[in-house]
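So you know, we letter chains A, B, ... as the sequences are listed, proteins then strands, and number each from 1. Keep in mind it's a predicted model, so treat the numbers as computed, not measured. What's counted below: heavy atoms across the whole structure, side chains too, no hydrogens, waters or symmetry copies.
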Protein chains: 2
Amino acid sequence: MARLTVEYNLALIGFGNVGQGLAEILSKKAPLLREKFDADIRIVAICDLTKGSIADADGFDPQALLDHINEKGDLKEFPAPDKGWDARETIENSGANVLVELSFTDLKTGEPALSHMIQALASGMNVSTTNKGPAALHFPKLLELSKTYGGEIGVEGTVMSGTPTLALGMNMLAAAGVTRIQGILNGTTNYILGEMENGADYADALKDAQAKGYAEADPAGDVDGHDAAAKVVILANLVMGQSMTMEDVSCIGISGLTRAQIQSAQSENQRWKLIGTLENVNGQIQGSVRPVKLDATHPLYGVSGAANAITYSTDLLGDITLIGPGAGRIETGYAIIGDILTFPH
Amino acid sequence: MARLTVEYNLALIGFGNVGQGLAEILSKKAPLLREKFDADIRIVAICDLTKGSIADADGFDPQALLDHINEKGDLKEFPAPDKGWDARETIENSGANVLVELSFTDLKTGEPALSHMIQALASGMNVSTTNKGPAALHFPKLLELSKTYGGEIGVEGTVMSGTPTLALGMNMLAAAGVTRIQGILNGTTNYILGEMENGADYADALKDAQAKGYAEADPAGDVDGHDAAAKVVILANLVMGQSMTMEDVSCIGISGLTRAQIQSAQSENQRWKLIGTLENVNGQIQGSVRPVKLDATHPLYGVSGAANAITYSTDLLGDITLIGPGAGRIETGYAIIGDILTFPH
């Protein structure tokens, strides 16, 4: 049987860490993706607010993009037939059939990513994003556009980066009946808690996490639990079929935890972890993020450092736990590959 | 867009624990499978050496099958238009488009399952099995038949029962480049080692595992590591593209481990686990099964009781660990559902 190679022509809005990670994967794995998945994945446009905008319907050499940006710091002088388009023009004119939305995350409005995604979906394009804003705030609307116009929408990278968390929960465990979800969904806080177990106090552990690039300069979204809460909302809506919003998630961060509490737990062979939970309370699925003291027998007890992990409790299979990276440029770039390979062949 | 419901008509060869688990899942989840996956999965034939053989092209009520077998112990008096077919006749005459091969496991020859699967694949049927024999011994041949005649072959249940281990490694991590695999692939031995940590000696722990139904009356395949070795071969060939045989796997079981060794490890915060490994040694992928002393930082350290777990080390994502059930009638039955949902729609 002859197999058809499917062309995925990507327009990237945003070309920071994740976009460059994606380009690096494509530069290394394009032959494998063609051979194993019949997928010819090419970058035909990049639109970045500071690095410039370029487009070429024939596709760019991803390694050349990376070499250029490493040398020059941006893409403004990169040779391309079309230049200077804004996001709207890029989506409209580049001939891409996949929008890869990688602009900055806004957990209040989801913009500007939301508008880009609406435009792309309404023109029948597929969309992949690692941006938690639109996924947590506007998924039902995006899904409706996807159904109306026939483009697919993938958000694998919004939870646990390239670890195939949503694919596991939405597809492979769908028939198993997911009844509860517990997860370590934020690597920064997990790293900080581990350092505090090793004797650091909160302020030093946070500084260390920032120095290692885990925590943002403004760490509030991590340590207050809002980043994890956005992922709880995404899991609720995509895996458990809820219509949850950020306001529905009760959220307590880690900044109130003292080193004394953490060490006292350790002396009882327990560990404090920031756990995102979705569980049935009196017939309703409720979402929360809060520090939880776990026993050594809990499947999330051993998850250390900046790793993320999730336990799906299911009707038919009991507990299924997946542990993997929660961040990283290559790791998050891989999530986009995962999305694209689920798009129609 | 109108969606087509696909009919999967199953012929079950063997109707023991796994077959009955599958029937129980179908009796509970058929509406969900239709609604969510557009899959209409029906049992149209059962052929069991001791319980009898029945066939009905219109499909059986799975709950009626279970009720009958609970009451009578077999299916000989179950009302059906066709009765008494052997396996060959069942595959040929039942009109099934999926063979579900659940006869007994033979790790020397793979028979009789192998012959059933060859017959089905050569007639263009899809095949799902949880039987390690043909999967470990004859997968290349079965895959060739699948490619020649167009039927698919699924063996998810041969490793970690319904935990989607092969789907994760073969599909979702394929582009990530799996470079090493380590797994706790046998629940019986993991349970025994845990009991020995709790103070039991080997003989008592084994007796306990047998009483709980984890270990066979003849426990050799578990404790000598051959069951885990078969899974190592399956993982090598399906996930890592090798052509490995059982003879290629160096295999040491747990019967030589003493309680003193286990407790000495515990005092250093380490645990003995029976680990199946596939790793690159001097440019070649080598497979082994042997007791390994794991540090508390190892992702498989915390996997207790009869659970199974696997760590895929990958090029792009680092380590991805999946923990879930390794046995059970419903859990293994679920693997067949997983296979079927990957068959062409």
Side-chain angles (χ1 to χ4, degrees), chain A residues 1 21 24-25 28-29 32-33 36-37 39 41 147-148 150 156 160-164 167-168 170-177 241 296-305 307 309 311-312 314-325 328 330-335 337-338 340-342, chain B residues 1 21 24-25 28-29 32-33 36-37 39 41 147-148 150 156 160-164 167-168 170-177 241 296-305 307 309 311-312 314-325 328 330-335 337-338 340-342:
Chain A
M1 197 162 59
E24 195 175 326
I25 294 171
K28 288 178 181 165
K29 300 282 184 179
L32 174 78
L33 291 165
K36 204 146 187 173
F37 297 98
I41 305 178
K147 285 185 180 155
T148 305
E156 181 64 73
M160 288 175 64
S161 74
T163 309
L168 180 66
M170 293 171 68
N171 304 328
M172 290 189 296
L173 298 181
T297 55
H298 195 286
L300 301 179
Y301 172 90
V303 178
S304 292
T311 299
Y312 291 110
T314 71
D315 247 5
L316 299 183
L317 294 175
D319 285 358
I320 301 281
T321 298
L322 183 67
I323 307 169
I330 296 285
E331 292 84 347
T332 311
Y334 186 78
I337 302 287
I340 291 170
L341 294 179
T342 69
Chain B
M1 197 164 58
E24 194 175 327
I25 294 172
K28 288 179 180 163
K29 300 282 185 179
L32 174 78
L33 291 165
K36 206 149 187 169
F37 297 97
I41 304 177
K147 285 185 180 155
T148 305
E156 182 63 74
M160 287 174 65
S161 73
T163 309
L168 180 67
M170 292 171 70
N171 305 328
M172 291 188 295
L173 299 180
T297 56
H298 194 285
L300 301 179
Y301 172 89
V303 178
S304 292
T311 299
Y312 290 110
T314 71
D315 246 5
L316 299 183
L317 294 175
D319 285 357
I320 302 280
T321 298
L322 183 66
I323 307 169
I330 296 285
E331 292 84 347
T332 310
Y334 185 78
I337 303 288
I340 290 171
L341 294 178
T342 68

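When heavy atoms are compared at a cutoff of 4.5 Å, Ser304(B) does not approach chain A at all. If you measure heavy-atom distances from Asp315(B) to chain A, the contacts under 4.5 Å come from the side chain alone. Heavy atoms closer than 4.5 Å to chain B are found in the side chain of Leu33(A), but not in its backbone. Proximity to chain B (any heavy atom under 4.5 Å) is restricted, for Ile25(A), to the side chain, taken from C-beta onward. For Leu32(B), the part sitting under 4.5 Å from any heavy atom of chain A is the side chain, from C-beta outward, and nothing else.
The choice from Thr314(A), Leu173(A), Thr297(A) that makes the most heavy-atom pairs within less than 4.5 Å of chain B is Leu173(A). Ranked by heavy-atom pairs shorter than 4.5 Å toward chain A, the options Ala174(B), Gly324(B), Ala167(B) are led by Ala174(B). Per-residue heavy-atom pair counts under 4.5 Å with chain B were compared for Leu322(A), Val303(A), Asp319(A), and the maximum is reached by Leu322(A). Per-residue counts of heavy-atom pairs under 4.5 Å with chain B were compared for Ala175(A), Pro325(A), Gly162(A); the largest is that of Ala175(A). Taking chain B as the reference chain and counting heavy-atom pairs below 4.5 Å, the highest number among Leu168(A), Thr311(A), Ile323(A) is found for Ile323(A). Ranking Gly21(B), Ala176(B), Gly338(B), Gly318(B) against chain A, the residue ahead of the rest is Ala176(B), based on heavy-atom pairs under 4.5 Å.
Side-chain contact between Met172(B) and Met172(A) is present, with heavy atoms from C-beta onward closer than 4.5 Å. Between Ile41(A) and Ile340(A), the closest side-chain pair of non-hydrogen atoms falls below 4.5 Å. With contacts defined as side-chain heavy-atom distances shorter than 4.5 Å, the pair Leu316(A)/Glu331(B) does not qualify.
Rounding to the nearest 0.5 Å places NZ of Lys29(B) at 9.5 Å from NZ of Lys36(B). Considering CD1 of Ile330(A) and CG of Leu317(B), their distance stands at 9.5 Å, rounded to 0.5 Å. One finds the CZ atom of Phe37(A) at 10.0 Å from the CD1 atom of Ile337(A) (value rounded to the nearest 0.5 Å).
Between Ala335(B) and Ser161(B) the shortest heavy-atom distance is CB-O, 3.7 Å. Looking at every heavy atom in both residues, Glu156(B) comes nearest to Thr163(B) through OE2-O, 3.3 Å.
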